[in-house]
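Written below as C-alpha cells is the structure these notes are about.
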Amino acid sequence: MSDRQYQRIETPTDLIARLREMLGDRLSTAAAVLEQHGKDESWHASSPPDAVVFATSTEEVAEVVKLCAAQNVPIVPFGTGSSLEGHVAALRGGICIDLSRMDAILEVHNEDLDCRVQAGVTREQLNDHLRDTGLFFPIDPGANASIGGMTATRASGTNAVRYGTMRENVLNLTVVTPDGKIIKTANRARKSSAGYDLTRLFVGSEGTLGVITEIGLKLYGIPEAMSAAVCVFPSVDAAVDTVILTIQAGIPVARIEFLDEMQIRAINNYSKTDHKEAPTLFFEFHGTDAGVKEQAEFVQSVAEEFGAEEFQWATRQEDRNKLWAARHKAYYASLQLEPGKAGMPTDVCVPISKLAEAIRETRADCDASPLTCTIVGHVGDGNFHTLILLDPNDAGQMAEAKRLHDRMVERALKLGGTCTGEHGIGYGKLDFMEAEHGPDTIALMRSIKSAIDPKGLMNPGKLIPGL
C-alpha cells in the first residue's frame, strides 16, 4: 500500500477555457464534482482533478486528449468510480474524462454471440438489454461497474471459474492513444494470429496507456437450467478441500464462493438471513436440467465426505437472486459490523492447491489482530478477499492494517500467487509489483509505457512503480 507523494501539475487556465468553449456545461470545475471524481470506493483519500469532462463520443475524447497532450496535462479516465485501489485518483492533477455518458449499446450479433458497447455501459445495463435475446454477459464483479472500467482493471468476479475474466471475454477495443489518435485493436473474429495482441495489452492497463472508449465482448446463451446451494462446513480446510476436489474432477461449476464465519455473521445482520455462522460455500450450477442435477449431486457427495452439515438448495430465480444479492452486499454488510469505520478491501490469488493454507493462515493473522476482518473468496480459481475495518485517521490502526495486508500478499507470492487477482494495482499495490515480477520485467513494462505514452500523461502514478 503505497503512501508516495506526487507533485501535482497545474492545469493551465487557457486549457480549461478551451475545453469549456468546446463542451459547455459538460465541463465541470465544481468542488463537489471534482471531489467525487478523485476517489473510488476504497479507503484511499480523494485526490481530485482540476476539471471533469463528460465525454459523449470517441471523437470528443480524442479532441480532449489532443488538447491535454499539447500542454502536457495529465489525463485520468473515469467510469463509475467503483474501483478499489485508488485507480481514479488524480495524483498529479489534470483532467478527468468521465465516460459515463458514453452508454450506448452499439451492436448485438445474436448469431455470433458478440456485441459492441461504449465504455460507459454498465454490466447490469447490458444484461437488461440482452434479456429478450436469450444471451447474457457473465462477468460479475459485484458492483454495477462500467464495461470500460472492468476492461481497464481486468475485472472478474463470481462467475470467473466458469466463464473466465475480462481478459478472456474482450474481443476488441477502440482506444484513444496518448497523442489523441483513435485505434482499433482487432476485429470481431474469435481468434487471430495477425500481429501483436494489442487487445490484451490494453486489457488491465488501468488507463495508463490510453482511454478505452468502445469494447467488443463475447456473449453466452442463457443456460437452460440453474441451481444454487449453500453448504456449511466444520472448518476452512474442509470447505476449501471440497472446492479443490470439485475443480480437479472437472465439474463445470459456474460459481463457488467462500465466506468465513465473520462474513456470514455480517451478512445475517445486514441482509436479515439466517445462515449458520460457520465456514460456508455458495455454489451455482449452469447447464441442462440433467447436467445441473448431475453436477449438484457430485458436489454434494464431495462436500459430505468433508463433513458438510447441510445443503440448502435454491432453484427458483427469486431464491437464487436473494442468495447472490446477500453475497454481493458482503462489503457493505462487513462495514456495518463496526459502523463509522472504513473498510480496507484486499485481494490475492494463489494456486488452488495452496488455497486452504493461504486462507487458514490469513484467518489466524486476523484473529490475532485487534482489528475486525472478514474473508470471502471466488475460491474456484484461488482468489480471496479480506476486508479490514479501521479508522483511517488512527495511525496505529492504519499500521496494523498495513501489516496484515503485507503478510497476506507476501504469503500469496511465496505460494506462487499474485498480489491481486482482480482489484488491480492502481497506486494502492504499487509496492508489491517488483516483488511479484522482478526488476527486469518491471523495466520492460516501463519501456512499453514510455513507448506508448512518452510524456507520462495517462493516469500517472498507477500500475508501474516510478511512473
Side-chain angles (χ1 to χ4, degrees), residues 84 123 138-143 145 155-165 223 226-233 235-247 251-268 270-271 273-286 292 295-296 299-300 302-303 306 308-315 319-334 345-350 352 355-356 358-360 362-363 373-387 421-423:
L84 294 169
R123 65 171 187 86
I139 309 304
D140 178 3
S156 54
T158 58
N159 281 321
V161 64
R162 173 72 177 266
Y163 298 99
T165 72
M226 298 184 188
S227 180
V230 180
C231 187
V232 175
F233 290 85
S235 68
V236 169
D237 282 23
V240 176
D241 285 343
T242 298
V243 173
I244 292 171
L245 188 53
T246 298
I247 298 301
I251 302 301
V253 63
R255 311 192 213 194
I256 311 179
E257 295 289 297
F258 170 81
L259 301 89
D260 75 349
E261 180 178 351
M262 187 67 72
Q263 184 64 72
I264 291 292
R265 181 180 306 166
I267 282 178
N268 282 343
Y270 187 79
S271 297
T273 52
D274 59 356
H275 301 297
K276 182 175 180 179
E277 292 183 7
T280 301
L281 292 179
F282 286 12
F283 295 95
E284 189 165 277
F285 307 94
H286 294 178
V292 164
Q295 294 167 34
V299 172
Q300 182 169 354
V302 171
F306 289 105
E309 298 178 23
E310 56 187 61
F311 257 76
Q312 297 177 3
W313 292 98
T315 53
D319 293 334
R320 293 198 316 273
N321 289 346
K322 182 179 179 181
L323 177 69
W324 292 110
R327 164 62 185 90
H328 283 324
K329 293 173 182 174
Y331 174 76
Y332 304 104
S334 296
T346 74
D347 85 308
V348 296
C349 189
V350 299
I352 61 166
L355 186 60
I359 293 179
R360 181 176 63 249
T362 298
R363 184 68 259 173
C373 309
T374 59
I375 297 177
V376 299
H378 317 310
V379 288
D381 51 17
N383 186 200
F384 72 96
H385 309 256
T386 299
L387 182 68
E422 59 185 9
H423 288 178

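Just so you know, residue 1 is the first one in the sequence shown, and it goes up from there. It should be emphasised that the depicted structure is a prediction, and the values quoted were computed from it without experimental measurement.
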Does the side chain to side chain contact (heavy atoms under 4.5 Å, CB included) test come out yes or no for Val236 and Ile375, once each step is laid out? CA-CA 11 Å; Val236 169; Ile375 297 177; over 6 Å; no
Below 30° counts as parallel, above 60° as perpendicular, anything between as tilted: where do the rings of His275 and Phe282 land? tilted
Distance (rounded to the nearest 0.5 Å) between Asp260 CG and Arg265 CZ: 9.5 Å
Do Leu281 and Val243 touch side chain to side chain, with heavy atoms closer than 4.5 Å? yes
Kindly give the heavy-atom pair with the smallest separation between Val253 and Val161, and that separation in Å. O-CG1, 3.6 Å
Calculate, to the nearest 0.5 Å, the distance between atoms CD and OG1 belonging to Glu257 and Thr158 respectively. 5.5 Å
Does Glu422 use its side chain to pair, donor to acceptor, with the backbone of Gly157 at less than 3.5 Å? yes
Using the side chain to side chain contact (heavy atoms under 4.5 Å, CB included) rule, take Asp140 and His328 through it: C-alpha gap first, then chi angles, then the decisive distance, then the call. CA-CA 10 Å; Asp140 178 3; His328 283 324; 2.9 Å; yes
Closest contact, heavy atoms only, Thr165 versus Ala160: CG2-CB, 4.4 Å
Could you walk me through whether Asp347 and Leu84 pass the side chain to side chain contact (heavy atoms under 4.5 Å, CB included) check? CA-CA 10 Å; Asp347 85 308; Leu84 294 169; over 6 Å; no
Of all heavy-atom pairs between Ala356 and Val240, which one has the smallest distance, and what is that distance? N-CG1, 3.4 Å
Worked check of side chain to side chain contact (heavy atoms under 4.5 Å, CB included) between Thr280 and Val230: CA-CA 7 Å; Thr280 301; Val230 180; 3.5 Å; yes
Give, for atom CD of Glu284 and atom CH2 of Trp324, the distance between the pair rounded to the nearest 0.5 Å. 6.0 Å
What are the two closest non-hydrogen atoms of Ala143 and Arg123, and how far apart are they? O-NE, 2.9 Å
Smallest separation among heavy atoms of Arg320 and Ala314, with atom names: CG-O, 3.3 Å
When the ring planes of His378 and His385 are compared, do they come out parallel, tilted or perpendicular, using 30° and 60° as the limits? perpendicular
Rounded distance [0.5 Å steps], CH2 in Trp313 versus CZ in Phe285: 5.0 Å
Between the side chain of Thr374 and the main-chain N/O of Met262, is any donor-acceptor distance below 3.5 Å? no
Spacing of Ile247 atom CD1 and Ile256 atom CD1 [to the nearest 0.5 Å]: 4.0 Å
Is there a donor-acceptor contact under 3.5 Å from the side chain of Arg327 to the main chain of Gly142? no
Exercise: identify the closest heavy-atom pair between Ala254 and Arg162: CA-CB, 3.5 Å
Taking Gly164's backbone N and O only, do any of them form a donor-acceptor pair with Asn159's side chain (distance below 3.5 Å, no angle check)? no
Validation row: Phe258, Val376 side chains within 4.5 angstrom (heavy atoms): no
How long is the straight-line distance from CZ of Phe306 back to CZ of Phe233, given to the nearest 0.5 Å? 9.0 Å
